[in-house]
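Residue numbers start at 1 and run along the sequence shown. The figures here come from the full heavy-atom set of this structure, side chains too, leaving out hydrogens, waters and symmetry mates.
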Amino acid sequence: MSRVLIVGAGLTGSVCACLLRREMANKVKIVVWDKSRGTGGRMSTSRSPSDASCIVDLGAQYITATPHYAQIHHNFYEELLASGVLKPLVSLVEGEVVKVGGQKNYITPTGVSSIVKHFLKQSAGAEVLFDHHVTHIYRKGSSWEVSPKGRAPEQFDAVVLTMPVPQILQLQGDVGSLLEDSQRLLLEAVSYSSRYALGLFYKAQAHIHVPWAAKYISNNPCIRFIAIDNKKRNLESSECGPSIVVHTSVPFAMKHLEETNQQVEAIILEELNKLLPGLPQPDSIKCQKWRYSQVTSSVAACPGQMTLLSRPLLVCGGDSFTHSNFDGCIESALKVCDVLKSSL
């Protein structure tokens, strides 16, 4: 039985683990490592320190399905809708630009990280470990020796890397020497936008008086998007306090990228109170820096994955090889699993 390591417990990694379990259950032992303390990656959901039912999505806000992807990925959408992980977005999103040809928007009643958790749960038997920050990868004969920071190295028959491309290029060991010049040029050409996200949690009985659930801001140098997060999910309740998420503009994030979260938090709060005067005092605040928010230029001419070595298999995937949304990650996971099935 081949031991497969998937680095990254975001959407691409979780779907890869799920597909491997369903299609190669008797052939692989699946291990998932992530450097963070929980699932989700950029599909991140944060909880109020004082009320676990008060949540906010700090990364992806809702899922948009175009007719094309709704058709070719219908199995994934139907599975998530049937399990209650996804529901149609019925609340008003002011200023949204609707794609040509139409679209359907979906929300996650228990937070966007529930999508990732669903697929990891479907990979039953997979060993999922957090606080495992991969720093070194060495080829050892017919296998890979992978070292997480501060932990003993382990051996794997195949490795899948789903983290942002700059983090792949920073890996120490044999990855750099395995890259062909053409591959390195393609990877180095990948670019990302950056953003800050601010989550504000309120006590029960607090009221946010706006007519919309979410709004795109077009004329503010700091703030690009605001959502009343519980209202977005159509889950307003007198027993649970409301929550707000604020996403900054990309130019603002680039200007303040190397400042501390505390410094940036103060600026965002000042701008938010100008846009929404009279907000109640939040019970707690979470500031999140997304250095690699969305891919603005993906790997060119690459079908959802890049194979760095066939034997033993080392393959890269993720939205860097497609595009930054739900369907881009699904597309990459499918391509990575095709490579795994043909190699193991």
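Judged by distance alone, the side chains of Q103 and E96 do bring a donor and an acceptor atom under 3.5 Å apart. For the 3.5 Å distance criterion, the side chains of T135 and Q172 fail to qualify, holding no donor opposite an acceptor. Using a 3.5 Å distance cut-off with no hydrogens or angles, the side chains of H323 and N325 do pair a donor with an acceptor.
Looking at R184, its side chain does come within 3.5 Å of a backbone N or O of G176 through a donor-acceptor pair. Listed for the S249 side chain is no donor-acceptor partner under 3.5 Å among the backbone atoms of I223. S332 places no side-chain N or O within donor-acceptor distance of the main-chain N or O of C329, the cut-off being under 3.5 Å. In this structure, the side chain of T162 does not engage the main chain of G318 through any donor-acceptor pair within 3.5 Å. The main-chain N or O of L340 is never found under 3.5 Å from a side-chain atom of S343 such that the two would form a donor-acceptor pair. Not one N or O on the side chain of S123 forms a donor-acceptor pair closer than 3.5 Å with the backbone of R21. A donor-acceptor pair under 3.5 Å links the side-chain atoms of N230 to the main chain of S243, judged by distance alone. The main-chain N or O of P153 is never found under 3.5 Å from a side-chain atom of S147 such that the two would form a donor-acceptor pair. With hydrogens and angles ignored, the 3.5 Å screen pairs no side-chain donor or acceptor of S293 with any backbone N or O of W290. Using a distance-only test at 3.5 Å, with no hydrogens or angles considered, a donor-acceptor pair links the side chain of S194 to the main chain of R291.
Atom NZ of K335 has 12 or fewer neighbouring heavy atoms from other residues, nucleotides or ligands inside a 6.0 Å radius. Atom NZ of K29 is surrounded by more than 12 heavy atoms from other residues, nucleotides or ligands within 6.0 Å.
Here the closest heavy-atom approach between residue T322 and residue G328 is recorded as OG1-O, 2.8 Å. Considering every non-hydrogen atom in both V165 and L187, the closest pair reads CG1-O, 3.3 Å. Listed here is the closest heavy atom pair of R47 and I55: NH1-CG2, 3.0 Å.
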Open item on the list: Determine whether E79 and R22 satisfy the following criterion, salt bridge (Lys or Arg N to Asp or Glu O under 4.0 Å), listing intermediate values before the conclusion.
Closed with: CA-CA 14 Å; E79 176 179 334; R22 290 175 177 175; 2.8 Å; yes
Open item on the list: Pair K289, E259 - check salt bridge (Lys or Arg N to Asp or Glu O under 4.0 Å), show working.
Closed with: CA-CA 10 Å; K289 178 193 296 186; E259 296 178 20; over 6 Å; no
Task: Evaluation steps, side chain to side chain contact (heavy atoms under 4.5 Å, CB included), between L169 and L171 - done: CA-CA 6 Å; L169 292 172; L171 287 171; over 6 Å; no
- [ ] Take V336 and L19 through the side chain to side chain contact (heavy atoms under 4.5 Å, CB included) test and state the conclusion after the steps.
- [x] CA-CA 10 Å; V336 168; L19 293 174; over 6 Å; no
TODO: Given salt bridge (Lys or Arg N to Asp or Glu O under 4.0 Å), test R42 with D319 step by step and report yes or no.
DONE: CA-CA 11 Å; R42 282 164 286 171; D319 59 354; 3.0 Å; yes
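Scanning for side-chain hydrogen bond (donor to acceptor under 3.5 Å, both in side chains) contacts around H133 gives an empty result, with sequence neighbours left out. In terms of the side-chain hydrogen bond (donor to acceptor under 3.5 Å, both in side chains) criterion, Q170 has no residue partners (sequence neighbours excluded). Shown here are the side-chain hydrogen bond (donor to acceptor under 3.5 Å, both in side chains) partners of Q167, two or more places apart in sequence or in another chain: there are none. Scored by the side-chain contact (heavy atoms from CB on, under 4.5 Å) test, D57 finds T45, Q61, T108, V112, D229, K232, R233 as partners (sequence neighbours excluded). With sequence neighbours excluded, no residue forms a salt bridge (charged side-chain N to carboxylate O under 4.0 Å, His left out) with R139. Scanning for ring-ring contact (aromatic ring centres under 6.0 Å, His included) contacts around H209 gives H207, with sequence neighbours left out. Take R224 and apply the salt bridge (charged side-chain N to carboxylate O under 4.0 Å, His left out) test, not counting sequence neighbours, and it matches no residue. With sequence neighbours left out, the ring-ring contact (aromatic ring centres under 6.0 Å, His included) criterion links W33 to H132, F156. The salt bridge (charged side-chain N to carboxylate O under 4.0 Å, His left out) check on R151 picks up nothing, with sequence neighbours excluded.
Within the structure, the salt bridge (Lys or Arg N to Asp or Glu O under 4.0 Å) test picks out no pair touching residues 157-179 (sequence neighbours left out). Screening residues 170-203 for ring-ring contact (aromatic ring centres under 6.0 Å, His included), with sequence neighbours left out, gives Y192-Y292.
The CD1 atom of I208 sits 5.5 Å away from atom CG of L279, with the distance rounded to the nearest 0.5 Å. Here the CD atom belonging to E145 is positioned 8.0 Å from the OG atom belonging to S143, to the nearest 0.5 angstrom. To the nearest 0.5 angstrom, C18 atom SG is 9.0 Å from L120 atom CG.
Side-chain contact check for K104 versus T64: every heavy-atom pair is 4.5 Å or farther apart. The shortest distance between side-chain heavy atoms of I115 and I63 falls below 4.5 Å. Counting heavy atoms from C-beta outward, L308 and V175 have side chains that approach closer than 4.5 Å. Side-chain contact check for S53 versus C240: some heavy-atom pair is nearer than 4.5 Å. Residues I267 and H256 are in side-chain contact: their nearest non-hydrogen atoms beyond the backbone lie under 4.5 Å apart. The shortest side-chain heavy-atom distance between D283 and S48 falls under the 4.5 Å cut-off. Using a 4.5 Å heavy-atom cutoff, the side chains of I217 and F225 are not in contact. Looking only at side-chain heavy atoms (C-beta outward), I228 and V245 stay at 4.5 Å or farther from each other.
Under a 4.0 Å N-O distance rule, the pair D338/K341 qualifies as a salt bridge. Taking 4.0 Å as the cut-off between side-chain N and carboxylate O, E154 and R3 count as a salt-bridged pair.
Aromatic pair H247/Y216: ring centres not closer than 6.0 Å.
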For a quick test of your reading: what N or O donor-acceptor pairs under 3.5 Å do the side chains of residues 300-307 make, sequence neighbours left out?
| residue | atom | partner | partner atom | Å |
| --- | --- | --- | --- | --- |
| Q305 | OE1 | T307 | N | 3.1 |
| Q305 | OE1 | T307 | OG1 | 2.9 |

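Each of F326, Y77, F76 was scored for a ring pair (Phe, Tyr, Trp, His ring centres under 6.0 Å) with Y106, with one residue passing: Y77.
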